**Student:** 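Structure in structure tokens, see below.
Keep in mind that what you see is a predicted model, and the values were worked out from it rather than measured. The figures that follow rest on heavy atoms only: side chains count, while hydrogens, waters and symmetry mates do not. Convention: sequence-line order gives letters A, B, ...; per-chain numbering from 1.
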There are 2 protein chains.
Amino acid sequence: MLPFRIGADKWAGLVIRCLEDGPRRFSELRVPLARVSPKVLTQSLRTLERDGFVLRTEYDEPVRRVTYELTELGRSLLGPIRAVCEWTSEHWDELLDARES
Amino acid sequence: MLPFRIGADKWAGLVIRCLEDGPRRFSELRVPLARVSPKVLTQSLRTLERDGFVLRTEYDEPVRRVTYELTELGRSLLGPIRAVCEWTSEHWDELLDARES
DNA sequence: CCGTATCCTGACTGATACTG
DNA sequence: CAGTATCAGTCAGGATACGG
């Protein structure tokens with residue numbers, strides 16, 4: 001589908017972009033990433049956490065709450081990621097043409 | 001190994017960078033990409049050709065010769081790719097740290 | 001020189017249902 | 001709410017050897 005992607009796993013780039021405006025809860029991430037099953041989303045977040053791109057915070061409250069936010073390292077990735085996303089939107093039509101022929 | 005990559009396949013980004021200075025023969029690509037088996041390199045090149053990033057030219061000569069070069073579309077990818085490569089070299093140490101802990 | 005053919009492995013992705 | 005458990009399926013990636 002996508003001509004290319006950023007990230008060790010398929011969704012890492014999108015997840016990071018979803019976090020660029022600040023911390024998000026798991027359920028908040030599921031909205032823009034509705035096509036991603038909870039298992040896969042969790043896997044992606046765990047990998048991003050392990051590699052130091054994302055910080056996971058668990059709050060001890062009556063209603064359970066967990067947030068994810070970008071670390072400084074994760075935030076430094078936004079530049080390259082945006083470069084790729086912009087390229088994709090600029091060249092989307094050409095990509096479709098190449099696939100059809 | 002690499003924290004993330006550009007390209008539908010693992011080597012696409014590197015292949016494109018190897019072509020940034022002009023056409024290269026298959027055997028020339030195998031030098032910088034020595035760790036890539038010929039089958040996988042061929043696969044990558046075929047995909048890049050199909051998607052319009054690379055032009056493959058076969059010369060009818062006594063000694064067989066095939067060259068690959070970037071199309072204009074392929075060349076337009078160099079910007080985003082360089083952004084990712086630069087990021088990687090700048091943050092390489094941090095990535096290793098995260099993996100070890 | 002420029003690839004294919006074959007075989008193999010495991011990483012990645014996924015749907016669905018269930019739990020603390 | 002924030003995940004895990006389970007059960008699979010696909011497919012990219014890789015080693016090695018051979019072919020036009």
**Student:** May I have the distance from A/L33 (atom CG) to C/dT13 (atom C1'), rounded to whole angstrom?
**Tutor:**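 Distance, rounded to whole Å: 15 Å.
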
**Student:** What do the steps show when you test B/L73 against B/D51 for side chain to side chain contact (heavy atoms under 4.5 Å, CB included), and what is the final call?
**Tutor:** CA-CA 9 Å; B/L73 181 62; B/D51 291 346; over 6 Å; no

**Student:** Taking OP1 and OP2 of D/dG3, is either one under 4.0 Å from a side-chain nitrogen or oxygen of A/T42?
**Tutor:**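 No, A/T42 has no side-chain N/O under 4.0 Å of OP1/OP2 on D/dG3.
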
**Student:** Could you tell me how far apart A/E28 (CD) and D/dG3 (P) are, to the nearest whole angstrom?
**Tutor:**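 Answer to the nearest Å: 13 Å.
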
**Student:** For residues B/L78 and B/Y68: do they belong to one hydrophobic cluster (side chain heavy atoms under 4.5 Å, members Ile, Leu, Val, Met, Phe, Trp, Tyr)?
**Tutor:**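 Same cluster: B/L78 reaches B/Y68 through Ile, Leu, Val, Met, Phe, Trp or Tyr contacts under 4.5 Å.
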
**Student:** Checking all strands, does B/Y59 fall into the base, sugar-phosphate, or nothing category for heavy-atom contacts under 4.0 angstrom?
**Tutor:**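 No contact.
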
**Student:** Base, sugar-phosphate or nothing for A/Q43? Non-hydrogen atoms, less than 4.0 Å.
**Tutor:**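 A/Q43: base contact, heavy atoms under 4.0 Å.
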
**Student:** List in numerical order all residues of residues 16-25 of chain A for which some heavy atom is under 4.0 Å away from an atom belonging to DNA chain C.
**Tutor:**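 None, since no heavy atom is under 4.0 Å.
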
**Student:** Charged N to carboxylate O under 4.0 angstrom, B/R17 versus B/E20?
**Tutor:**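 Salt bridge flag = yes for B/E20 with B/R17.
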
**Student:** Please figure out whether B/Y68 or A/P38 has its closest DNA chain C nucleotide nearer the 5' end.
**Tutor:**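 Checking each residue's closest nucleotide, the 5'-ward one belongs to B/Y68.
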
**Student:** Does A/R64 or B/S37 map to a spot on DNA chain D nearer the 5' end, using the closest nucleotide for each?
**Tutor:**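 Residue closer to the 5' terminus by nearest nucleotide: A/R64.
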
**Student:** Regarding D/dG3, can its base be found pairing with the side chain of A/K39 as donor and acceptor, where the two atoms are less than 3.5 Å apart?
**Tutor:**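 Such a pair does not exist between side chain and base.
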
**Student:** Does a side-chain N or O from B/K10 land closer than 4.0 Å to OP1 or OP2 of D/dG14, or not?
**Tutor:**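 Yes, within the criterion.
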
**Student:** Between atom CZ in A/R30 and atom C1' in C/dG14, what is the gap in whole Å?
**Tutor:**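 The answer, rounded to whole Å, is 12 Å.
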
**Student:** Can you tell me the distance, in whole Å, between the CG atom of B/L41 and the P atom of C/dG3?
**Tutor:**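 Atom-to-atom, B/L41 to C/dG3, this comes out as 9 Å.
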
**Student:** Is any side-chain N of the basic residue among B/E58 and B/R56 closer than 4.0 Å to the acidic one's carboxylate O?
**Tutor:**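 Counted as a salt bridge, because a side-chain N and a carboxylate O are separated by less than 4.0 Å.
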
**Student:** A/E61 has an atom CD; how far is it from atom C1' of C/dG20, in whole Å?
**Tutor:**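 The answer, rounded to whole Å, is 17 Å.
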
**Student:** How close or far is atom C1' of D/dG3 from atom CD of A/E49, stated in whole angstroms?
**Tutor:**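 After rounding, the reported distance stands at 13 Å.
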
**Student:** Between A/R46 and D/dT4, is there a contact of a side-chain N or O with OP1 or OP2 at under 4.0 Å?
**Tutor:**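 Yes, within the criterion.
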
**Student:** B/L45 CG to C/dG3 P: how many Å, rounded?
**Tutor:**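 Going from B/L45 (CG) to C/dG3 (P), I get 8 Å.
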
**Student:** Whole angstrom is fine here: how far is it from CG in B/L29 over to P in C/dC2?
**Tutor:**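 To the nearest whole Å, that distance equals 9 Å.
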
**Student:** Out of curiosity, does A/L41 fall in the hydrophobic cluster containing A/V66 (side-chain heavy atoms, cut-off under 4.5 Å, transitive links)?
**Tutor:**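 Linked within one cluster.
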
**Student:** Would you find more than 12 non-hydrogen atoms of other residues, nucleotides or ligands less than 6.0 Å from B/E61 atom CD?
**Tutor:**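 Correct, the count exceeds 12.
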
**Student:** Looking at A/S44, is its backbone amide N or carbonyl O close enough to the side chain of A/W11 to form a donor-acceptor pair, meaning the two atoms are under 3.5 Å apart?
**Tutor:**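 Here the side-chain-to-backbone pair does not exist.
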
